[in-house]
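Below: one structure, written as structure tokens.
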Amino acid sequence: MRNLTYLLCYLLLINIVTFIEMGHDKGQAKKGGRRVPEKRLFTLAALGGGIGGWLGMRTWRHKTKHRSFVIGIPLLIGLNAICVIVIAIYM
């Protein structure tokens, strides 16, 4: 039970970080500032932050015209879900 709590806290944190990074990148894009590398956004999404990335895309209308994000982020959400289910089964 305790391990499941840690997993849920981790998922909450990584999704918040991914959401914030997506918003930060949008802000930097508007200002012409230093951008967050796409590789970092995808890495955060792959590490469990897929929902945060997707919510960031929708909230700030960011990366919505990039085919790699429009297709990739939902696929990573699916991968995240499979991983969570497998981990939860073996806990």
Side-chain angles (χ1 to χ4, degrees):
M1 186 70 159
R2 174 177 251 156
N3 289 337
L4 188 58
T5 301
Y6 290 145
L7 176 62
L8 293 176
C9 287
Y10 167 78
L11 289 171
L12 180 63
L13 181 64
I14 193 74
N15 278 285
I16 289 170
V17 168
T18 308
F19 180 80
I20 290 169
E21 283 288 287
M22 198 64 90
H24 176 68
D25 188 47
K26 176 66 175 196
Q28 291 297 88
K30 281 184 166 182
K31 292 191 307 190
R34 188 176 177 107
R35 303 287 301 275
V36 176
E38 288 185 358
K39 184 177 181 179
R40 181 181 304 159
L41 296 173
F42 273 117
T43 299
L44 289 168
L47 292 173
I51 292 173
W54 184 80
L55 289 172
M57 286 174 63
R58 298 292 164 229
T59 300
W60 290 292
R61 284 179 262 158
H62 188 52
K63 303 283 187 191
T64 56
K65 293 184 180 179
H66 289 81
R67 178 176 240 124
S68 60
F69 278 84
V70 171
I71 294 169
I73 295 296
L75 288 175
L76 288 172
I77 291 171
L79 179 64
N80 293 168
I82 291 168
C83 290
V84 168
I85 291 167
V86 169
I87 291 169
I89 288 171
Y90 289 102
M91 283 187 147

side-chain contact (heavy atoms from CB on, under 4.5 Å) with L12: of N15, I16, I14, only one passes, and it is I16
Pairs of donor and acceptor atoms involving the side chains of residues 83-91, under 3.5 Å and at least two apart or interchain, shall be tabulated with distances.
none

I'd like a table of donor-acceptor pairs (distance under 3.5 Å, sequence neighbours excluded) in which one partner is a side-chain atom from residues 46-59, with atom names and distances.
unit_1: T59; atom_1: OG1; unit_2: L55; atom_2: O; d: 2.7

As an exercise, state the distance from NZ of K26 to NZ of K31, rounded to the nearest 0.5 Å.
13.5 Å
Donor-acceptor contact below 3.5 Å, side chain Q28 vs main chain G33:
no
Donor-acceptor list for residues 66-74 side chains, cut-off 3.5 Å, not counting sequence neighbours:
none

d(R35 CZ, R40 CZ) to nearest 0.5 Å is 12.5 Å
In terms of hydrophobic clustering (I, L, V, M, F, W, Y; side-chain heavy atoms under 4.5 Å; direct or indirect links), are I20 and V17 co-clustered?
no
Hydrophobic cluster membership, with links at side-chain heavy-atom distances under 4.5 Å among I/L/V/M/F/W/Y: are L79 and L75 in one?
no
Counting C-beta onward and ignoring hydrogens, is there a side-chain heavy-atom pair between K63 and L41 closer than 4.5 Å?
yes
Do N80 side-chain atoms and L76 backbone N/O form a donor-acceptor pair below 3.5 Å?
yes
